[in-house]
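Note sheet for the following structure.
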Amino acid sequence: MAINTAAAQDAEGKATHHPRIGTAIVSSPAPRGLWSWPITGMSIYANSSNSAAPSLCLLCTGRLHDYVCRLREDVWHSFIPRKEDVTEDYWEFLKWRCTQRFFSATLQNFATQSLLMAVGVGARKALAASAAINWMLKDGMNRLVRMGVATQFGDSFDSDLKRFRFTTSLLYTACVSCEFLTPRFPSHFLLLTAVSNVGRAVGLTTFVSTQPAFQAALCASGNMADLASKTQAQHMVMDTLALAVSASANYFLRHREDQRMLLPLVAFPICGLMDLFCIYNELKAVQLRSLNRERAEMVAEHW
């Protein structure tokens, strides 16, 4: 194996012998059959019988690096919009939005766990049938409340998007706390879940109704569909992470039944407060290009 480098030549321009590896280091131009590689000061001969393996190794390493870079860019653009397609405040919003989604999904996982503990998973048939009926009543009530909120208050959301969003988030978190109480009061399962579903319906309906307005404010090139699809992909990633955290916490406490029963109650204040904190900051990050009702009235009174 011979290596061509200008730094290794002697005073007369002749080849020098390396004391350790015994390779010839020369300063003459690279001969024919040389594999050139973009490494400063180095060329590798292909004429030698032992030079093909290192050359092929370097070539494969370069191609692998290029493939990994392209794959990373493709994955990044699958979840994150291009910089020129969104406004500058989108990136601050995205940071708080993904964090909020993680804590919200974790909260939902532990709330569902509380409900399952309240109805008794694996109980006898009579109790299982009663639990199924209560669960269907709970879901039916949720749909009725959501329909009522959407039809009665839909025309009021545009007047003050941020205030409606945050106020209903407070109501949502407060009502979801009832689900965490169901294991302690299983006989009041239907009443507690009814209260919880009222808050859930109001919060979810407000979120779904106001989200397009916020996305429109964050779009810089009219790519609302692309932004909405990437938002859904981001939500799926955070939901999966939240599920992994919830499942891991339950797995580590699988032999400690008392602590596992208390886990949802411990998680609720942490996830609930972080959820509200992130919602507040994500709403603060969005710069709406329109006046709400209160500010419009102030402008009208001034002029």
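Minimum heavy-atom separation, F268 to S177: CZ-CB, 3.3 Å. The nearest pair of heavy atoms linking C219 to T87 is O-CG2, 4.0 Å.
For E257, the side chain to side chain contact (heavy atoms under 4.5 Å, CB included) partners are R260, M261, not counting sequence neighbours. By the salt bridge (Lys or Arg N to Asp or Glu O under 4.0 Å) test, K95 pairs with E92, sequence neighbours left out. With sequence neighbours excluded, no residue forms a side chain to side chain contact (heavy atoms under 4.5 Å, CB included) with I270. Under the side chain to side chain contact (heavy atoms under 4.5 Å, CB included) criterion, A111 pairs with V176, E179, F180, R200, not counting sequence neighbours. Partners of S246 under the side chain to side chain donor-acceptor pair (under 3.5 Å) rule, at least two apart in sequence or in another chain, are N109. F252 pairs by the side chain to side chain contact (heavy atoms under 4.5 Å, CB included) definition with S248, not counting sequence neighbours. Applying the salt bridge (Lys or Arg N to Asp or Glu O under 4.0 Å) rule to R82 yields the partners E84, D85; only residues at least two apart in sequence or on another chain are considered.
Note on L283 and L94: same hydrophobic cluster, where clusters join Ile, Leu, Val, Met, Phe, Trp and Tyr whose side-chain heavy atoms are under 4.5 Å apart, directly or indirectly. Under the 4.5 Å side-chain heavy-atom criterion for ILVMFWY residues, no single connected hydrophobic cluster contains both L192 and V202.
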Using residues 273-282 as the side-chain source, report each donor-acceptor pair under 3.5 Å to any protein atom, sequence neighbours left out, with the distance given to one decimal.
unit_1 : atom_1 : unit_2 : atom_2 : d
D275   : OD1    : Q100   : NE2    : 2.5
N281   : ND2    : F277   : O      : 2.8

In a table with atom names and distances, give each donor-acceptor pair under 3.5 Å that connects a side chain of residues 238-245 to protein atoms at least two apart or in another chain.
unit_1 : atom_1 : unit_2 : atom_2 : d
D239   : OD1    : R101   : NE     : 3.0
D239   : OD2    : R101   : NH2    : 3.1
T240   : OG1    : M236   : O      : 2.7

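Side-chain atoms of Y90 and P81, non-hydrogen and from C-beta on, do get closer than 4.5 Å to each other. With contacts defined as side-chain heavy-atom distances shorter than 4.5 Å, the pair T182/L115 qualifies. When side chains are defined from C-beta on, F214 counts as touching L288, because their heavy atoms get closer than 4.5 Å. Q215 has its side chain within reach of T231: a pair of non-hydrogen atoms, C-beta onward, lies under 4.5 Å apart. At least one side-chain heavy atom of I80 sits under 4.5 Å from a side-chain heavy atom of W91. Put simply, the side chain of L265 reaches to within 4.5 Å of the side chain of L262, judged on heavy atoms.
Hydrophobic cluster membership of L191, counting Ile, Leu, Val, Met, Phe, Trp and Tyr whose side-chain heavy atoms lie under 4.5 Å apart directly or via other members: none, as it forms a cluster of its own. V266 shares a hydrophobic cluster with no other residue; no ILVMFWY side chain has heavy atoms under 4.5 Å from its own.
Separating the NE2 atom in H235 from the OG atom in S104 is a distance of 9.0 Å, to the nearest 0.5 Å.
Sorted by first then second residue, the salt bridge (Lys or Arg N to Asp or Glu O under 4.0 Å) pairs that include residues 210-231, not counting sequence neighbours, are D226-K230.
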